[in-house]
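Okay, so here's the structure we're looking at.
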Amino acid sequence: MYLMTNREIAKIFSKIALYFEMDNVDFKPQAYEKAAMNLETLSEDVKDVYERGGDKSLEEIPGIGKNMADKIIEYIKTGKIKEYERLKKKIPVNIDELISVEGIGPRGVKYLYEKLKIKNLKDLERAAKAGKIRNLPNFGEKKEQNILQGIEFVKRSTGRFLLGEILLKVQEITANLKKLKEVKQISEAGSVRRRKETIGDIDILIISSSPKKVIDYFVKMPGVVKIWGQGPTKASVRVSTGEGFDPHTNFGVGVDVDLRVLPESQFGSALQYFTGSKEHNIVLRKIAIDKKLKLSEYGLFSGSKIIAGKTEKEIYKTLGMDYMEPEIRENTGEIEAALKNKLPRLIELKDIIGDLHAHSNFNGGDNSVEELAAAAIKIGYKYIGIADHTKFLRIENGLNEKQLIDRNRKIDKINHKLQTTNKNFRVLKGCEANIMADGSIDINDKTLAQMDFVIAGVHSQIKMPKAQMTARIITAMKNPNVDIIAHPTGRLLKKRPEYEIDFDKILEAAKKTKTVLEINAFPLRLDLNDVHIKKAKQAGVKMVINTDAHDKEHLNLMQYGVFQARRGWAEKNDIINCWPAEKMLKLLK
DNA sequence: GCCGTTTTCGGCCCGACTGTTTTCAGTCG
């Protein structure tokens, strides 16, 4: 889906955009940002594009002109972009780190570097604690406090990667290792395998009878910037995740990868052990002890005799339990359920037959309704819901009432045309409307009533007191036209916490008003989270897994929403986009 | 810096909020 070179160049273009923003340059930041986005979602490797048709082909990529095509070629040929190296030298700061602090943007980064030589998070914290920031023009005591709070929040999530950032890397590494003929079997383990929303490091297990050869190959594979340790059956390295520098270790920024090589007989027990979670394993070992057995990464033992170990299933079975999917191994009730044969039948990606949250180029999206529909058909969906932004969100080119009605007419025509070739597919007319501070919707009821479905979400004034924010969302749910609440808690992973809301009250209102809650699959959001999903399921509130696609490629992000739903024990029946369109629409208001 | 045409350069990128100001700068969505 995503390609590494494309992504690397996209990252650099995004950085260049930030450097231009520092200097208040008009339009260039958007141009670079747009190009970065298009590269990231491009389904062909730029290297192939270049080989196929040179700079002319590169310039056919939307948002790429002569200048950027040259930069792409430069990167393909030299692995570097001079212009970017020059900018980095001029203001040598860790931009990513600094702008991850809420309230600090590119202008602030530049200003703080020029005035106080602040280069990274550590410098910033030191300066803020010393009270040096409050005296700067346009800063103040309050802002200094906010910066310190922002730093605290970033720190708590530092060193972790979004699953969406890292899964590709994991797949790349395992694909590479698989090439080695000594590798008989390979699996990811740890939090990656449990599909946690953020990942600390990557665990990989390999079955091989020649561990040394595997280890030697592993520590020398492309991208390794540091070998932490290397022994006969295990090794730990840091693998580069692109450009940048880690201020704590001075090694290239990257993710740590631990490898264990095992004989076939222990693969199951090792996989079980290294998949975790730790809490899950502690309970398992206690249960083993109760049965006069001993469980470790080397197997399930009765005395010194191994009685299970080759597969996970065998181990769980011997302990008297059903097999538990990795996503639910968090010791939050799964073991009790497994003992009583009461595990949920978790939803799977193939159960999803539609997506109800795609933005078209009628608002800020990249693709036309036709293109989105074609992409959805290709995935095998039965429907796609176009949920364009509405008028309050000016930057996304939100549509007003008249524009929505016009757009609906156009979608009707598209549907009509589709019927001739794809009888079983339909485009649903929706919108992502805004919940204003008082809970009202920025589009009038008459227009909302003409939609197949209405998503409503909070996009402004997010720092409201708890009671007020809760009431605001409940008011929106009471609107007879509002079917779905988008990204209900508003968090951005590693960036911003949830809004202050009383989630139990939200659930109660959702149940009463028959409002569906969204599981936003965008890797940065994953909102609802696993805990919320489980609560919603228990409360009997229906959910929908949506990608929030702004580009047809984003439709592929659905898997991340499904992972999250599985972590929240969701079953097919809990998720309305597993249902045929007719049944689903009937449930909506 | 790209796009799209009017083929040589103008248009693109808005509004709310916060914290700082006393009319504005920066950030965010």
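Letters A, B, ... are given to chains in the order of the sequence lines, protein chains preceding strands, and every chain is numbered from 1.
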Query - Interatomic distance, A:Met469 CE vs B:dC17 P [rounded to whole Å] - result: 12 Å
Report summary line: Rounded to whole Å, CG of A:Asp23 lies from C1' of B:dG1 at a distance of 15 Å
Query raised in the report: Between A:Asn434 and A:Met436, is there a donor-acceptor pair closer than 3.5 Å when you use the side chain of the first and the backbone of the second?
Result: no
Please tabulate, one pair per line, each protein N/O and nucleotide N/O from nucleotides 3-8 of chain B that are separated by under 3.5 Å, including the distance.
{"from": "B:dC3", "atom 1": "OP1", "to": "A:Gly63", "atom 2": "N", "distance (Å)": "2.8"}
{"from": "B:dC3", "atom 1": "OP2", "to": "A:Ile64", "atom 2": "O", "distance (Å)": "3.4"}

Report task. For nucleotides B:dG26 and B:dT21, find the distance between their P atoms and express it as a whole number of Å. Result -> 13 Å
Query raised in the report: What pairs meet the salt bridge (Lys or Arg N to Asp or Glu O under 4.0 Å) rule with one or both residues in residues 54-68 of chain A, with sequence neighbours excluded?
Result: A:Lys66-A:Asp70
Query - Distance in angstrom units between A:Leu58 CG and B:dG1 C1', rounded - result: 16 Å
**Report entry** For atom CE of A:Met37 and atom P of B:dC2, their distance in whole Å
**Finding:** 18 Å
**Report entry** For the student: nearest non-hydrogen atoms of A:Ala36 and A:Ser14, plus distance
**Finding:** CB-OG, 3.5 Å
Query raised in the report: Which pair of heavy atoms, one from A:Ile435 and one from A:Ala476, lies closest together, and at what distance?
Result: CD1-CB, 3.6 Å
Report summary line: note: A:Leu39, atom CG; B:dC2, atom C1'; distance rounded to Å ~ 13 Å
Query - Gap between atoms NZ and C1', on A:Lys28 and B:dG11 respectively (whole Å) - result: 16 Å
**Report entry** Assigned partner base of B:dG19, Watson-Crick or wobble definition, under 3.5 Å
**Finding:** B:dC24
Query raised in the report: Counting N and O atoms only, with roles assigned by atom type, does the side chain of A:Arg567 sit under 3.5 Å from a partner on the main chain of A:Asp530, one being a donor and the other an acceptor?
Result: no
Query raised in the report: When you compare B:dC28 with B:dT23, how far apart are their P atoms, in angstrom units rounded to a whole number?
Result: 26 Å
Query raised in the report: Starting at CE of A:Met436 and ending at C1' of B:dG15, how long is that distance when rounded to a whole Å?
Result: 11 Å
Query raised in the report: What is the distance, rounded to the nearest whole Å, between atom CG of A:Asp442 and atom C1' of B:dA16?
Result: 14 Å
Query raised in the report: Tell me, for nucleotides 19-29 of chain B in 5' to 3' order, what letter each nucleotide earns: B for a base near a protein heavy atom under 4.0 Å, S for only sugar-phosphate near one, - for neither?
Result: SS----SSSSB
Report task. Take atom P in B:dT8 and the same atom in B:dG15, then report the distance between them in whole Å. Result -> 34 Å
Query raised in the report: Do any N or O atoms from the side chain of A:Asp388 and from the backbone of A:Phe362 form a donor-acceptor pair under 3.5 angstrom?
Result: no
Report summary line: Only residue of A:Lys28, A:Arg107, A:Lys90 satisfying salt bridge (Lys or Arg N to Asp or Glu O under 4.0 Å) with A:Asp23 is A:Lys90
Query raised in the report: Looking at A:Lys34, A:Arg7, A:Lys11, which hits salt bridge (Lys or Arg N to Asp or Glu O under 4.0 Å) with A:Glu40?
Result: A:Arg7
Query - Nearest-Å distance once atom C1' is located in both B:dC14 and B:dT7 - result: 31 Å
Report summary line: Assign each of A:Tyr32 and A:Phe27 the nucleotide of DNA chain B bearing its closest heavy atom; nearer the 5' end lies the nucleotide of A:Tyr32
Query - Nearest-Å distance once atom P is located in both B:dC17 and B:dG10 - result: 36 Å
Query - Rounded P spacing from B:dT18 to B:dC12 in Å - result: 29 Å
Report task. Identify the two heavy atoms, one from A:Glu518 and one from A:Ala486, that lie closest to each other, and give their separation to 0.1 Å. Result -> OE1-CA, 3.4 Å
Query raised in the report: On a whole-Å scale, what distance lies between the C1' atoms belonging to B:dT27 and B:dT20?
Result: 13 Å
Query raised in the report: So which heavy atom on A:Val531 is nearest to which on A:Asn529, and how close?
Result: N-OD1, 3.0 Å
**Report entry** Separation of the P atoms in B:dT22 and B:dA16, to the nearest angstrom
**Finding:** 23 Å
